[in-house]
Amino acid sequence: MKTINRYNVVEIEPCGEYKLRVTFADGKCNVVDFEPYFIKRPHPQYNQYHDPVRFLDYRIEYGNLVWGDNWDLMFDPLNLYYNNLFKNYN
């Protein structure tokens, strides 16, 4: 039987430019603003997702929010859960 981690992302809904409503396995829901991340952490691989159309090309895989065929951009689910894209929880 597969165990679901409470931090797994189960649903995503756009709710503004660079903002996503992220719902987790335990029912918690956050509106996460990704624009500050793109501004503070520019990177050639990630910059393509600062384009509003490309930003909306996300998906959920194995409880993670990801962009790109090879997970070009992803965030630790703990960072999304606590709505802090810059903190390292490891």
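Keep in mind that the numbers below use all heavy atoms, side chains included, and drop hydrogens, waters and symmetry copies.
- Residues Val53 and Ile12 fall into different hydrophobic clusters, defined by Ile, Leu, Val, Met, Phe, Trp and Tyr side chains chained together at heavy-atom separations under 4.5 Å.
- Among Tyr37, Tyr46, Trp67, the one residue that satisfies the ring-ring contact (aromatic ring centres under 6.0 Å, His included) test with Phe55 is Trp67.
- Between Val9 and the options Leu80, Thr23, Val66, a side chain to side chain contact (heavy atoms under 4.5 Å, CB included) holds for only Leu80.
- Looking at Gln45, its side chain never comes within 3.5 Å of a backbone N or O of Leu73 through a donor-acceptor pair.
- In this structure, Trp71 and Glu61 approach most closely via the heavy-atom pair NE1-OE1, 2.9 Å.
- No chain of hydrophobic side-chain contacts below 4.5 Å, direct or via other Ile, Leu, Val, Met, Phe, Trp or Tyr residues, connects Leu20 to Ile39.
- A side-chain donor-acceptor contact under 3.5 Å links Asp26 to the backbone of Lys28.
- For the atom pair Leu85 CG and Glu35 CD, the distance stands at 12.0 Å (nearest 0.5 Å).
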Between Gln48 and Asp72, does a side-chain contact (heavy atoms from CB on, under 4.5 Å) hold up when you go through it step by step?
-> CA-CA 10 Å; Gln48 63 183 314; Asp72 298 334; 4.1 Å; yes
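- Considering every non-hydrogen atom in both Gly63 and Pro77, the closest pair reads O-CG, 4.1 Å.
- Annotation: side chain of His50 is in contact with side chain of Tyr18 (closest heavy-atom distance under 4.5 Å).
- The two residues Val31 and Cys15 have their closest heavy-atom pair at CG1-SG, 3.6 Å.
- The aromatic ring centroids of Phe34 and Tyr49 lie 6.0 Å or more from each other.
- Checking side-chain atoms of Asn84 against main-chain N and O of Phe86 turns up a donor-acceptor pair under 3.5 Å.
- Using a 4.5 Å cut-off on side-chain heavy atoms (C-beta onward), Pro42 and Asn47 make contact.
- With hydrogens and angles ignored, the 3.5 Å screen pairs a side-chain donor or acceptor of Asn64 with a backbone N or O of Tyr62.
- A donor-acceptor pair under 3.5 Å links the side-chain atoms of Arg59 to the main chain of Gly68, judged by distance alone.
- In this structure, Asn30 contributes its side chain and Tyr81 its backbone to a donor-acceptor pair below 3.5 Å.
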